[in-house]
Amino acid sequence: MLFDIKSIWILEDDPSAIFVYEEILGVRYHVKTFCTLQEFTRTLSSADKLPDLLIADLKLSDDHFLRFLSQDSEKGKLGTTPFIIVSSSEDLDLVR
């Protein structure tokens with residue numbers, strides 16, 4: 001039986017977190033990782049197919065994922081792709 005392998009894009013700048021995502025999710029899904037928001041938006045703009053799920057770190061080395069979502073021109077590129085925002089920050093105000 002053939003089936004379409006679902007894809008997950010991961011926007012994360014911590015190498016150890018990327019390793020964990022790839023080890024756990026890579027067994028069952030096609031995983032593509034991005035270390036910067038700039039790299040992610042460049043790929044998103046030229047992508048033929050959007051991922052089935054996006055997992056995005058809240059605060060990245062080059063920007064903040066919520067800032068990306070607040071820009072209408074950028075947010076629309078995700079279409080209806082579901083996403084999960086994660087953070088290792090202990091700052092509860094930032095996470096809220």
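Side chains are part of it too, since the values below use all heavy atoms of this structure and drop only hydrogens, waters and symmetry mates.
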Show me the donor-acceptor pairs, under 3.5 Å and distance only, between side chains in residues 6-17 and residues at least two apart or in other chains.
{"unit_1": "Ser7", "atom_1": "OG", "unit_2": "Asp52", "atom_2": "N", "d": "3.4"}
{"unit_1": "Glu12", "atom_1": "OE2", "unit_2": "Asp14", "atom_2": "N", "d": "3.0"}
{"unit_1": "Asp13", "atom_1": "OD2", "unit_2": "Ser61", "atom_2": "N", "d": "2.8"}
{"unit_1": "Asp14", "atom_1": "OD1", "unit_2": "Ser16", "atom_2": "N", "d": "3.0"}
{"unit_1": "Asp14", "atom_1": "OD1", "unit_2": "Ser16", "atom_2": "OG", "d": "2.9"}
{"unit_1": "Asp14", "atom_1": "OD2", "unit_2": "Ser16", "atom_2": "OG", "d": "3.3"}

Could you tell me the separation between the [atom1] atom of [X] and the [atom2] atom of [Y], rounded to the nearest 0.5 Å?
{"X": "Arg67", "Y": "Leu37", "atom1": "CZ", "atom2": "CG", "result": "9.5 Å"}
{"X": "Leu53", "Y": "Thr81", "atom1": "CG", "atom2": "OG1", "result": "9.0 Å"}
{"X": "Ile85", "Y": "Lys59", "atom1": "CD1", "atom2": "NZ", "result": "15.0 Å"}
{"X": "Phe40", "Y": "Asp57", "atom1": "CZ", "atom2": "CG", "result": "12.5 Å"}

Minimum heavy-atom distance [X]-[Y], with the two atoms named:
{"X": "Lys32", "Y": "Thr43", "value": "CE-CG2, 3.9 Å"}
{"X": "Ile5", "Y": "Arg28", "value": "CG2-O, 3.9 Å"}
{"X": "Lys77", "Y": "Leu44", "value": "CB-CD2, 3.6 Å"}

Side chain to side chain, [X] and [Y], heavy atoms closer than 4.5 Å:
{"X": "Phe68", "Y": "Thr41", "value": "yes"}
{"X": "Ile55", "Y": "Phe83", "value": "no"}
{"X": "Tyr21", "Y": "Val86", "value": "yes"}
{"X": "Leu54", "Y": "Leu78", "value": "yes"}

Hydrophobic cluster membership, with links at side-chain heavy-atom distances under 4.5 Å among I/L/V/M/F/W/Y: are Val20 and Leu58 in one?
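Each belongs to a different hydrophobic cluster.
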
Are Tyr29 and Leu50 connected in the hydrophobic side-chain network, where two residues link if heavy atoms are under 4.5 Å apart?
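Hydrophobic grouping puts Tyr29 apart from Leu50.
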
For Cys35, is there any backbone N or O sitting under 3.5 Å from a side-chain donor or acceptor partner on Glu39?
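Judged by distance alone, yes, a pair lies under 3.5 Å.
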
Sequence-distant partners of Arg42, salt bridge (Lys or Arg N to Asp or Glu O under 4.0 Å), two or more places apart:
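Scan of Arg42 (salt bridge (Lys or Arg N to Asp or Glu O under 4.0 Å), adjacent residues dropped) gives none.
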
